[in-house]
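Working notes for the structure below.
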Amino acid sequence: MTPRTASPAATATTATTTSTATARASGASWDDLVAAALLGTERRTPPVTPLPGQDTAAALLDAAALSTVRRRAGLRPAPARPAPAPAPPDPRPALPSAARHRLAMLLAGRSAAGRGSPRSAPDLAELLPQWLALANHHGYRAPDALLPALLDAARARTDLRPEALTLGGPRALWLARLNAEWKFALRGGAGRATLPPEGVVPAAPPAGPSTAPSAAPGADGRSDAQRLWEEGLFAERVSLLSAARHRDPAAGLALLSGTWATERAEDRLMFLDSLRDDLSPSDEPFLEQALSDRSRNVRATAAELLSALPGSLLAARMAERSRGCVSLTTAGRIAVEAPAECDSAMQRDGIVPKPPSGRGERSWWLGQLVEATPLDRWTEWFGGLGAAEIVALPVADGWQADLHAAWCRAAVRQRSAEWSRALLGAPALPPSSGDAAPAAWRDPAKLLSALPPGERAGWVAEFIASHGLSDAFRLLGVCAVPWAEPLGRAVVDALDIARDAGSYPWSFSGVMGLAERCLDPGQADRLEVLTAIPDEGEDAAPGAGGYWSEAFQRLVGTLRLRETIRAELTPP
């Protein structure tokens with residue numbers, strides 16, 4: 001059978017038709033074609049004319065195809081982009097081989113939790129933050145080949161970013177400038193300095209060229225640090241200010257003062273907040289000026305920082321106001337007369353005039369005055385009484401809750417262990433709830449943060465022994481890691497009691513997760529006995545024993561893996 005061939009007339013007709021269609025489409029812009037396609041041919045008539053027997057939608061697609069070919073054919077070659085500058089050097093020591101392999105495993109398994117792995121297997125995603133923190137404490141740098149995976153992990157989890165960017169160092173920022181998906185690194189800074197955990201001595205700075213901006217003036221009369229401060233990205237400026245404040249607080253403050261008047265309000269607030277860690281009396285003149293800032297949030301932050309300096313003029317002004325409101329009567333009771341108004345001077349010193357919903361104005365103003373008053377003034381005004389004796393005094397006219405709540409905030413702000421200890425009281429006391437609760441019991445975790453680490457752990461251990469784990473989760477979160485032995489033992493004993501009671505382990509999943517991260521890894525062998533499946537009592541939940549066995553297997557396995565990680569990450 002002979003194949004049919006088109007006649008010359010038919011070929012000419014087809015060519016003419018195609019040329020005609022091309023001509024019809026040539027007058028339509030690409031944007032017009034896209035708009036018609038997005039809206040639909042029923043809502044917008046496309047800028048094409050269909051061929052005989054062709055519907056409008058097909059004509060639109062043909063026109064788009066022809067336009068695409070024409071645009072590609074007419075594309076002119078552009079000059080090649082310049083190659084990026086070489087990555088900056090990172091003189092920090094490289095990771096030991098075992099630790100490098102461990103990091104690769106943690107990064108590869110960070111998103112694999114729960115995907116077919118047994119419930120008793122350690123959660124690698126939760127071990128990664130601890131690995132990063134320990135590596136940074138020893139001063140290591142990330143392997144170049146793992147930087148992309150490290151940046152991907154930090155992109156997925158914001159809690160990893162400070163430690164991940166610290167480990168990545170200048171090369172991580174160099175890579176982030178080449179990939180839009182990692183632009184968070186440029187916003188969030190190059191990481192932060194962290195304090196070493198108990199028992200870990202930070203490594204000495206590595207030998208070699210420094211990556212810190214130079215203080216020597218350049219050709220334009222500005223140092224590298226000054227140039228970065230004036231021209232750098234916001235995150236780079238925050239990182240520079242924090243580093244300068246740690247190294248030389250006065251120089252860091254001078255850097256900020258030079259551009260303060262030209263900064264945006266939100267940037268001024270962030271810069272001001274960065275002064276908190278290295279706050280000193282020499283910062284007072286600058287903060288006093290910030291009390292007149294045009295931004296309310298900046299004014300409030302400046303007032304808060306000044307009130308954390310017991311010798312500041314603002315603290316003295318607040319104390320004078322508080323003395324007129326709170327006094328000790330001859331009968332040994334505390335009398336309270338709340339402020340009648342919030343004048344402009346009080347507002348300049350950070351007193352917010354409008355109370356939150358449901359709060360009275362006078363009690364709101366009183367609380368702000370008392371929390372900004374130096375705590376040692378109360379001892380002076382109350383005849384030399386100590387914090388515990390003052391807290392024990394009766395307060396007239398129902399003002400005790402407001403007064404004690406303000407003292408709690410002052411103890412946290414001024415980092416007073418004496419007042420925090422007095423306001424917390426004995427851990428065996430039964431905690432109340434609701435509005436009738438003593439002020440300290442509404443948020444004891446903040447007061448605990450002002451106590452020394454050892455005392456903090458002992459207090460929480462006694463609390464758990466008296467009240468169990470149900471109210472202890474936030475308290476455990478402020479304890480130093482690894483948990484001291486009394487606290488670790490109290491947590492394990494409470495979990496064992498819950499297991500014997502036959503409750504399900506996921507009722508304590510938050511505490512179990514904290515135990516995996518915070519228990520001393522040396523406790524793994526002692527916990528091995530708890531991995532056995534217990535005998536289920538009559539009142540036990542069905543299958544609870546097996547679940548508890550898996551939970552303790554996971555706990556023991558995680559502790560042993562943490563111990564291995566610690567051994568692999570030896571100081572350089």
Exercise. Give a yes or no answer on whether the side chain of T379 reaches the backbone of G384 with a donor-acceptor pair at less than 3.5 Å.
Key: no

Practice problem: Answer yes or no: is there a side-chain heavy-atom contact under 4.5 Å between R141 and L167? | Solution: no

Practice problem: Measure the shortest side-chain to side-chain distance between W459 and I464 over non-hydrogen atoms and say whether it is less than 4.5 angstrom. | Solution: no

Self-check item: Partner of Q130 under side-chain hydrogen bond (donor to acceptor under 3.5 Å, both in side chains), chosen from R562, R566, R517
Solution: R562

Quiz item: If you measure from CG on L256 to CG on L272, what distance do you get to the nearest 0.5 Å?
Solution: 7.5 Å

Exercise. Decide yes or no for L519 and V492: does some side-chain heavy atom of the first lie under 4.5 Å from some side-chain heavy atom of the second?
Key: yes

Quiz item: Under a 4.5 Å cut-off applied to non-hydrogen side-chain atoms, are L476 and C518 in contact?
Solution: no

Self-check item: Within-4.5 Å side-chain heavy-atom neighbours: D500 and D496
Solution: yes

Quiz prompt | R102 (side chain) donor-acceptor with I565 (main chain) under 3.5 angstrom | solution = no

Quiz item: Hey, are E462 and S466 close enough side-chain-wise for a donor-acceptor pair under 3.5 Å?
Solution: no

Self-check item: Test side-chain contact (heavy atoms from CB on, under 4.5 Å) applied to R421 and E455, step by step
Solution: CA-CA 10 Å; R421 193 178 297 119; E455 183 180 355; 2.5 Å; yes

Self-check item: Straight-line distance of T558 OG1 to E563 CD, nearest 0.5 Å
Solution: 13.5 Å

Practice problem: Measure from NZ or CZ of R237 to the centre of the six-membered ring of F271, then state whether that distance is under 6.0 Å and the direction lies within 45° of the axis. | Solution: no

Practice problem: Please lay out, stage by stage, how W381 and V326 fare under the test side-chain contact (heavy atoms from CB on, under 4.5 Å). | Solution: CA-CA 10 Å; W381 297 333; V326 183; over 6 Å; no

Quiz item: Going from CZ on F463 to CG on L424, what distance comes out if it is rounded to the nearest 0.5 angstrom?
Solution: 10.5 Å

Practice problem: Would you check if the side chain of S312 reaches a backbone N or O of A308 as a donor-acceptor pair within less than 3.5 Å? | Solution: no

Practice problem: Show the numbers, then the answer: is there a side-chain contact (heavy atoms from CB on, under 4.5 Å) between Y140 and L134? | Solution: CA-CA 9 Å; Y140 286 115; L134 187 56; over 6 Å; no

Quiz item: What heavy-atom pair brings L253 and S282 nearest, and what distance separates the two atoms?
Solution: CD2-O, 4.2 Å

Quiz item: So, does R333 use its side chain to make a donor-acceptor pair with the main chain of L393 at under 3.5 Å?
Solution: no

Quiz item: If you take all heavy atoms of G488 and W483, which pair is closest and at what distance?
Solution: N-CB, 4.2 Å

Practice problem: Verify the neighbour count for atom CZ of R155: are there more than 12 heavy atoms of other residues, nucleotides or ligands below 6.0 Å? | Solution: no

Self-check item: Euclidean distance, E163 CD relative to W131 CH2, rounded to 0.5 Å
Solution: 11.0 Å

Practice problem: Report the distance from atom CD of E304 to atom CZ of R409, rounding to the nearest 0.5 Å. | Solution: 11.5 Å

Practice problem: Using atom types as modelled and distance alone, determine if a side-chain donor or acceptor of N136 lies under 3.5 Å from a backbone N or O of L132. | Solution: yes

Quiz item: Can any side-chain N or O of H138 pair as donor or acceptor with the backbone N or O of P572 at less than 3.5 Å?
Solution: no

Quiz item: Does P310 offer a backbone N or O that forms a donor-acceptor pair with the side chain of Q414 under 3.5 Å?
Solution: no

Quiz item: Should D283 and R245 count as side-chain neighbours, where that means a heavy-atom distance under 4.5 Å?
Solution: yes

Quiz item: So, S363 and R359: side-chain donor and acceptor under 3.5 Å apart, yes or no?
Solution: yes

Practice problem: Assign the ring pair W378 / W407 to parallel, tilted or perpendicular, where the plane angle (0 to 90°) is split at 30° and 60°. | Solution: perpendicular

Quiz item: Quick one: does T301's side chain get under 4.5 Å of R276's, heavy atoms only?
Solution: yes

Quiz item: Hey, does the side chain of R161 reach the backbone of A156 with a donor-acceptor pair shorter than 3.5 angstrom?
Solution: no

Quiz prompt | Pair R489 + E485: basic N to acidic O under 4.0 Å | solution = yes

Self-check item: Side-chain donor or acceptor of T564 paired with backbone N/O of R560 under 3.5 Å
Solution: yes

Quiz item: Is the backbone of A472 close enough, under 3.5 Å, to the side chain of H467 for a donor and an acceptor to pair up by distance?
Solution: no

Quiz item: side-chain contact (heavy atoms from CB on, under 4.5 Å) between M270 and S274: does it pass, once the steps are laid out?
Solution: CA-CA 6 Å; M270 293 292 292; S274 68; over 6 Å; no

Quiz item: Can you name the closest pair of heavy atoms from L160 and A154 and give their distance?
Solution: CB-CA, 4.4 Å

Self-check item: Nearest heavy atoms of V460 and C479, plus distance in Å
Solution: CG2-SG, 3.7 Å

Quiz item: Within a strict 4.5 Å, meaning less than it, do heavy atoms of the S420 and L448 side chains meet?
Solution: no

Quiz item: Minimum heavy-atom separation for D159 to P129, with atom names?
Solution: OD2-CG, 4.4 Å

Quiz item: Got a second to check how far I497's CD1 is from R499's CZ, nearest 0.5 Å?
Solution: 11.5 Å

Quiz item: Under 3.5 Å, is there a donor-acceptor pair linking the side chains of W364 and D402?
Solution: no

Practice problem: Looking only at non-hydrogen atoms, find the nearest pair between E389 and G386 and report the distance. | Solution: OE1-N, 2.8 Å

